[in-house]
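Below is one structure, written out as structure tokens, with a few remarks after it.
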Protein chains: 2
Amino acid sequence: MAPTIRDIARVAGVSVATASKGLNGKGRMRPETRERIVQTARDLGFRPNRNARSLTSGRTYTVGLLTRNGYGRFTPALLGGVEDALSADTCSLLLCDARRDAVRERHYIDALTARRVDGLIVTGRETDQAPRVGRDLPFPVVYAYTVSADPADTSVTVDDEHGGRLAVRQLTRYGCRRIAHLTGPPSYAAVRDRVAGARAALAEEGLDLPDSRVVYGPFSEEMGFTHVRRLLERDPEIDGIFCGNDQIARGAADGLAALGRRVPDDVALVGFDNWTLLAASTRPALASVDMNLYRLGRVVGETLLASIDGTVSPGVSRLPCSIAVRASCPASTGDDPVWASDAPLVPDA
Amino acid sequence: MAPTIRDIARVAGVSVATASKGLNGKGRMRPETRERIVQTARDLGFRPNRNARSLTSGRTYTVGLLTRNGYGRFTPALLGGVEDALSADTCSLLLCDARRDAVRERHYIDALTARRVDGLIVTGRETDQAPRVGRDLPFPVVYAYTVSADPADTSVTVDDEHGGRLAVRQLTRYGCRRIAHLTGPPSYAAVRDRVAGARAALAEEGLDLPDSRVVYGPFSEEMGFTHVRRLLERDPEIDGIFCGNDQIARGAADGLAALGRRVPDDVALVGFDNWTLLAASTRPALASVDMNLYRLGRVVGETLLASIDGTVSPGVSRLPCSIAVRASCPASTGDDPVWASDAPLVPDA
DNA sequence: TTGAAAGCGCTAACAG
DNA sequence: CTGTTAGCGCTTTCAA
């Protein structure tokens with residue numbers, strides 16, 4: 001059995017209360033007494049039972065992380081940020097995966113409640129609004145990446161519109177004038193937001209993105225490969241393509257190569273996600289918008305800690321993206337591309 | 001404040017002890033009393049405090065998951081399996097990422113000890129032997145994927161040698177006779193084991209894999225792309241390549257295309273990892289060895305539960321791989337490829 | 001069938 | 001400066 005504070009007290013020849021104070025640096029006592037207590041604890045390998053402590057303190061220093069639909073490619077970076085933010089307050093993370101199942105989700109909420117978590121982070125694979133996780137929960141909740149449908153909740157997500165802007169700006173700075181967009185299903189809020197951002201950035205330059213140059217499809221290489229050909233057949237003047245994610249961009253790069261078009265000289269390419277594994281392996285390497293998920297995680301963690309402290313900040317906040325410049329759309333000279341100062345400490349998969 | 005069992009007792013008009021028994025279905029009591037207690041608990045939204053309960057029961061129904069070097073591509077599937085296995089015992093997962101830092105690791109071990117976890121799973125990105133996580137820990141530990149250097153510990157990992165065998169068998173069944181191997185750095189145990197498996201399977205057919213046809217390099221597309229060319233220049237008779245992972249295989253596929261060699265007609269290709277996102281997008285789609293990480297996770301979870309129950313099973317156990325057959329090395333007719341019956345419920349990133 | 005009391009490991013208010 | 005006492009929420013003998 002692990003030693004308890006009573007063992008420490010007995011061996012150190014003091015009362016339990018004194019042992020407690022000694023170990024926690026509270027109260028006043030003779031330095032030698034404290035030293036003796038601490039030393040005894042060390043000798044016996046004493047680890048105070050946090051569960052017991054939380055009984056009186058009311059705080060468990062534990063927060064739940066509920067993912068609604070599995071661990072995706074985005075989860076690791078986010079998780080890293082969350083963990084770093086929480087570790088500032090020595091909070092631990094309790095992991096739950098609801099797997100798109102409302103019953104499972106309810107079950108996990110109950111389990112977390114029974115464990116008296118100090119707070120909860122809810123995450124999901126899409127930025128779309130999702131139903132809130134429950135009502136009148138006995139702890140604060142922060143939605144990460146996914147956004148709660150209830151504006152009274154606190155959500156922190158990515159500014160996809162800004163991402164779209166960045167992508168297009170990179171293309172126009174490189175010199176592209178006739179830009180197309182290959183992207184995912186318009187049912188995704190992220191897809192719609194990126195289109196809006198792209199259009200806004202083009203408008204600033206007096207350019208446009210007509211519907212004829214926007215293609216929606218699955219988020220796959222196949223999609224990029226197939227549609228880049230159709231696009232260029234219909235409109236051979238296209239000189240830049242903003243792709244909705246890196247897989248599409250990779251497919252487009254391969255498709256352009258098959259057509260004999262050079263990247264970026266004939267057609268420049270910008271992807272989205274900055275999924276290094278894919279982006280850096282593409283020939284040429286893909287410039288790509290980075291959602292800064294590590295930072296998102298940090299902000300989410302900090303926001304939750306603030307909520308636990310009672311500082312409430314309801315509503316949706318959207319964090320800006322940055323762009324990783326690579327050969328598929330190099331920086332124009334003398335122009336500083338926006339690039340995250342806080343690069344992820346956690347490399348992506 | 002959340003209602004306590006005292007509130008239930010008071011409202012239901014019984015003693016705390018009776019309330020406890022009533023809620024837990026223990027002891028004997030008049031059915032109507034029990035019903036009243038349960039109903040009261042429901043009405044007040046009572047959630048028994050598990051931390052308080054664990055004080056007396058000694059079990060926290062919480063296990064730690066310590067990853068030694070970040071969440072990789074392999075983590076999600078493994079995690080899913082672990083979670084499923086543990087949820088059978090309603091255990092929760094406490095997540096920690098040591099980030100290759102011994103101090104961090106020690107810190108997390110202490111934190112988990114203070115939380116009185118019932119057990120610990122240690123995982124890492126490589127199958128290589130790694131130093132054990134600590135000695136005389138007050139809970140059982142199971143190493144997952146990574147293997148503890150101490151044979152007295154319990155480790156569950158992948159049978160890479162078997163994976164190598166499967167890959168080569170797929171190639172020879174398709175008809176390949178002159179096989180080469182493009183793989184990662186030989187410093188990885190996985191790399192060495194796969195080579196050994198490949199050689200063993202070839203020997204069974206009276207074939208061999210001379211050193212001249214084995215190329216070690218980084219686990220990257222670049223590597224596959226570059227070296228497939230060199231390999232075929234030196235030895236144009238090669239008709240099958242076993243690649244150490246899917247990235248290398250993808251690079252090799254692209255390289256072969258650039259050389260004008262058809263896959264699989266001229267050269268068949270088998271990858272490793274069955275990373276669907278990559279393998280299915282390659283043209284042609286990649287046949288690939290699957291490590292069944294979801295199942296590994298399940299077995300790890302079950303092993304840990306067994307250890308907690310006192311059933312000790314020290315040593316290293318290695319789970320077999322399976323192979324996902326795709327166009328780059330199709331199945332020969334009438335031959336049943338080995339394919340996992342327990343496909344991952346958790347799709348990969 | 002029910003309840004009083006003790007105790008799990010720890011903290012905190014109050015005396016000594 | 002140190003110890004006694006009470007109590008956090010729950011379980012578990014043991015009496016009534």
Side-chain angles (χ1 to χ4, degrees), chain A residues 1-38 40-41 44-62 90 110-111 113-118 138, chain B residues 1-38 40-41 44-62 90 110-118 138-139:
Chain A
M1 278 309 285
T4 76
I5 200 173
R6 251 196 286 270
D7 298 319
I8 308 303
R10 188 169 34 74
V11 175
V14 294
S15 76
V16 178
T18 308
S20 173
K21 277 179 282 193
L23 290 167
N24 295 303
K26 297 199 172 175
R28 251 173 263 291
M29 71 180 55
R30 217 182 300 148
E32 59 222 63
T33 309
R34 171 157 291 152
E35 184 46 47
R36 184 157 34 95
I37 293 169
V38 171
T40 311
L44 301 191
F46 173 69
R47 292 277 135 213
N49 184 331
R50 292 201 69 150
N51 299 317
R53 180 188 302 206
S54 74
L55 251 194
T56 41
S57 76
R59 282 210 40 184
T60 56
Y61 293 92
T62 305
T90 60
D110 288 347
T113 307
R115 291 194 141 81
R116 299 295 189 266
V117 291
D118 294 333
Chain B
M1 276 310 284
T4 78
I5 199 172
R6 250 198 285 273
D7 297 318
I8 308 303
R10 188 168 33 74
V11 174
V14 293
S15 76
V16 180
T18 308
S20 173
K21 277 181 281 194
L23 290 167
N24 296 304
K26 297 199 172 173
R28 250 173 264 292
M29 71 181 54
R30 217 181 301 147
E32 59 221 65
T33 311
R34 170 156 293 151
E35 183 48 46
R36 184 154 35 93
I37 293 169
V38 170
T40 311
L44 302 191
F46 173 68
R47 292 277 137 216
N49 184 331
R50 292 202 71 151
N51 299 316
R53 181 188 302 209
S54 74
L55 250 195
T56 40
S57 76
R59 283 212 37 184
T60 56
Y61 292 92
T62 305
T90 60
D110 288 347
L112 293 170
T113 306
R115 291 194 142 81
R116 299 295 189 266
V117 292
D118 294 333
F139 41 72

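Chain A is the first sequence line, chain B the second, and so forth, proteins listed ahead of strands; every chain is numbered from 1. Keep in mind that what you see is a predicted model, and the values were worked out from it rather than measured.
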Rounded distance in Å - [atom1] ([X]) to [atom2] ([N]):
| X | N | atom1 | atom2 | value |
| --- | --- | --- | --- | --- |
| R34(B) | dT1(C) | CZ | C1' | 11 Å |
| I8(B) | dT2(C) | CD1 | C1' | 18 Å |
| R36(B) | dT1(C) | CZ | P | 14 Å |

For the pair [X] (side chain) and [Y] (backbone), establish whether a donor and an acceptor sit closer than 3.5 Å, ignoring hydrogens and angles.
| X | Y | result |
| --- | --- | --- |
| D7(A) | T4(A) | yes |
| D118(B) | R59(B) | no |
| T40(A) | R36(A) | yes |

Practice task
Indicate whether any N or O donor in one side chain lies under 3.5 Å from an N or O acceptor in the other, for S57(B) and S54(B).
Solution key: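 No, no side-chain donor-acceptor contact under 3.5 Å.
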Exercise for the section: Under 4.0 Å between any heavy atoms, over every strand shown, what does S54(B) touch: base, sugar-phosphate, or nothing? Just pick one. Expected result: nothing
Practice task
For R28(B), report the nucleic acid contact type (base, sugar-phosphate, nothing); a contact means any heavy atom under 4.0 Å.
Solution key: base
Problem - side-chain contact (heavy atoms from CB on, under 4.5 Å) against L55(B), all qualifying residues, sequence neighbours excluded - result: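 L55(B) satisfies side-chain contact (heavy atoms from CB on, under 4.5 Å) with N49(A), A52(A), L55(A) only.
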Handout entry: Contact check, side chains of R53(B) and Y61(B), non-hydrogen atoms, under 4.5 Å
Key =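 A side-chain contact is absent here, since even the closest heavy-atom pair is not under 4.5 Å.
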Practice task
Mark up nucleotides 6-16 of chain D, 5' to 3', with B wherever a protein heavy atom is under 4.0 angstrom from a base atom, S wherever such an atom reaches only the sugar-phosphate, and - elsewhere.
Solution key: -BBBSBB----
